[in-house]
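Below is one structure, written out as structure tokens, with a few remarks after it.
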Amino acid sequence: MSPSPSAQGDPHAGEAELIARIRQRDEGAFAELVDRYHLQMVRVAQSFVRDHETAEEVAQETWLGFLKGLDRFEGRSSLKTWLFGILANIARTRGVRENRSVPFSAIQGDDPEGPTVAADRFFPAGHPSAGAWSSIPDDWEAIPEHRLLANETRATIDSAIAGLSDLQRAVIELRDIAGWSSEEVCNVLSISETNQRVLLHRARAKVRLALETYLRASG
Amino acid sequence: MRKFGWPWKRTSAPAASAPEQGLTCQELVELVTAYFDGALTPFDRARFDTHLSLCDGCTRYLAQFRQTIQLTGALREDDVPEEAKERLLGAFRGWTSGGDATK
């Protein structure tokens with residue numbers, strides 16, 4: 001299996017054409033763009049502001065900014081970069097009002113959460129095999145595909161993601177569901193490459209743990 | 001077939017992560033995303049690969065992590081809630097009719 005899946009296909013497909021249609025006041029084209037980006041926008045906003053309602057407002061405001069600025073958009077940057085640039089500006093302003101001028105990066109940067117795999121999965125210090133697995137991880141290759149793709153498995157992943165911090169959730173959704181590059185994620189969330197990687201790793205590790213727990217219980 | 005065994009057997013007393021001794025499993029699991037992103041130094045990447053070639057446990061962990069990413073990627077994005085969408089389309093209509101819904 002490849003580690004860099006993007007289930008949504010090429011998200012930039014036909015953007016120039018979409019913009020041209022929106023300029024001609026084609027409501028369907030606008031609706032298509034909303035379908036493509038609105039939820040991602042809410043998610044990104046959510047990493048800057050306190051509550052979901054505010055994040056939704058920030059996204060709405062961004063769309064208004066998009067329409068206003070559309071005639072001036074020359075397509076030098078990608079539509080996505082432009083759109084999320086507007087969003088980040090608005091979100092940051094709101095964030096300041098809510099005493100959260102940056103995402104939680106500053107707080108999470110020093111990684112206070114501890115290891116991503118529980119220490120008791122390894123032999124303890126002092127043991128001849130200290131730091132090695134004390135029990136080997138399960139073999140998921142042996143699990144039939146239909147079980148891995150079952151609705152319950154999806155629900156397990158969904159609820160693990162829902163339980164993440166706002167910033168971890170934004171990063172894993174943008175990277176692993178929406179298929180963004182790490183550079184794009186760093187730019188829009190204003191976090192460093194290292195920080196982005198730590199957040200993504202933690203998020204993935206928590207989803208993995210939820211899957212492990214689920215697959216063991218239902219196996 | 002390789003047999004399961006403790007992958008990383010230390011024969012000498014451990015100075016937990018002295019580079020010449022390679023990575024422990026416990027250290028390796030924290031580096032998986034960096035490994036996938038090609039963000040490890042050549043030195044760490046070599047240590048990672050060496051460990052992996054010897055360790056069934058970490059090979060399985062890596063496979064689990066890959067599958068986790070794959071399964072997460074297979075989730076469909078939710079649909080935009082009707083209410084939010086209606087509001088946005090309303091704003092769009094305001095914009096097309098030259099009103100100042102965008103103000």
Side-chain angles (χ1 to χ4, degrees), chain A residues 1-8 25 27 30-31 34-35 38-40 42 56 59-60 63-65 67-68 115-117 119 121-123 125 128-133 136-141 148-149 153-154 157-158 161 172 176-179 182 193 197-198 200-201 204-205 207-208 211-212, chain B residues 4-11 13-14 16-17 23-37 39 55-81 84-85 87-89 91-97 101-103:
Chain A
M1 286 206 236
S2 145
S4 54
S6 171
Q8 316 299 323
R25 310 309 194 238
E27 185 174 314
F30 180 69
V34 168
D35 284 336
H38 184 71
L39 291 179
Q40 293 177 18
V42 173
E56 187 70 49
Q60 301 261 348
W63 285 112
L64 300 183
L67 290 175
K68 262 194 204 173
T116 57
V117 180
R121 299 292 299 270
F122 305 97
F123 288 111
S129 296
W133 296 103
I136 191 165
D138 301 334
D139 181 10
W140 290 4
E141 307 285 347
L148 288 175
L149 298 178
T153 311
R154 286 159 182 260
I157 298 172
D158 261 339
I161 291 176
I172 196 173
D176 289 348
I177 302 180
S182 70
E193 186 91 26
R197 198 173 305 122
V198 169
L200 179 60
H201 187 67
R204 287 170 170 175
V207 175
R208 188 211 66 87
L211 280 172
E212 178 180 66
Chain B
F4 289 142
W6 296 319
W8 198 256
K9 289 201 178 110
R10 290 176 190 285
T11 47
S17 60
L23 296 167
T24 63
C25 304
Q26 200 165 10
E27 290 162 346
L28 184 141
V29 296
E30 302 300 340
L31 298 176
V32 176
T33 292
Y35 180 75
F36 285 161
D37 274 359
C55 180
D56 295 315
C58 286
T59 300
R60 279 197 179 172
Y61 188 81
L62 213 73
Q64 288 188 355
F65 219 81
R66 271 209 183 90
Q67 274 170 297
T68 299
I69 296 167
Q70 185 99 0
L71 291 168
T72 303
L75 293 178
R76 228 178 114 276
E77 297 236 45
D78 291 331
D79 293 329
V80 179
K85 197 161 175 182
R87 215 176 313 146
L88 288 171
L89 293 180
F92 182 82
R93 283 168 212 136
W95 178 70
T96 55
S97 63
T102 63
K103 290 280 150 61

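Just so you know, these numbers use all the heavy atoms, side chains as well, and skip hydrogens, waters and symmetry mates. Order of the sequence lines sets the chain letters (A, B, ...), proteins ahead of strands, with each chain counted from 1.
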Can you tell me how far apart [atom1] ([X]) and [atom2] ([Y]) are? Round to the nearest 0.5 Å.
{"X": "B:L71", "Y": "A:L149", "atom1": "CG", "atom2": "CG", "value": "6.5 Å"}
{"X": "B:D56", "Y": "A:D139", "atom1": "CG", "atom2": "CG", "value": "10.0 Å"}
{"X": "B:W95", "Y": "A:K68", "atom1": "CH2", "atom2": "NZ", "value": "13.0 Å"}

Answer yes if the ring centres of A:H201 and B:F36 are under 6.0 angstrom apart, and no otherwise. no
Do the ring centers of A:W133 and B:Y61 come within less than 6.0 Å of each other? yes
Could you check whether any side-chain heavy atom of [X] comes within less than 4.5 Å of a side-chain heavy atom of [Y], counting everything from C-beta outward?
{"X": "B:T96", "Y": "A:E27", "value": "no"}
{"X": "A:I161", "Y": "B:L75", "value": "yes"}
{"X": "A:E141", "Y": "B:R60", "value": "no"}
{"X": "A:L39", "Y": "B:P81", "value": "yes"}

Closest non-hydrogen atom pair, [X] against [Y]:
{"X": "B:G57", "Y": "A:P137", "value": "O-CG, 3.4 Å"}
{"X": "A:R154", "Y": "B:A74", "value": "NH1-O, 3.7 Å"}
{"X": "A:A130", "Y": "B:T24", "value": "O-CG2, 4.0 Å"}

N/O donor-acceptor pair under 3.5 Å between B:Q64 side chain and A:W140 backbone: no
Backbone N or O of A:P115 within a donor-acceptor pair of the B:E30 side chain at under 3.5 Å? no
So what's closer than 4.5 Å to chain B heavy atoms on A:A59: side chain, backbone, both or neither? neither
Under the criterion side chain to side chain contact (heavy atoms under 4.5 Å, CB included), I'd like the reasoning laid out for A:F122 against B:V29: C-alpha separation, chi angles, the key distance, then a yes or no. CA-CA 11 Å; A:F122 305 97; B:V29 296; 4.1 Å; yes
Holding to salt bridge (charged side-chain N to carboxylate O under 4.0 Å, His left out), I want the full list of residues that pass it with A:E212, two or more places apart in sequence or in another chain. A:R121, A:R208, A:R216
Hey, mind stepping through A:V117 and B:Q26 against side chain to side chain contact (heavy atoms under 4.5 Å, CB included) and telling me if it holds? CA-CA 8 Å; A:V117 180; B:Q26 200 165 10; over 6 Å; no
Tell me, out of B:L31, B:T33, B:T72, B:L89, who's got the most heavy-atom pairs with chain A below 4.5 Å. B:T33
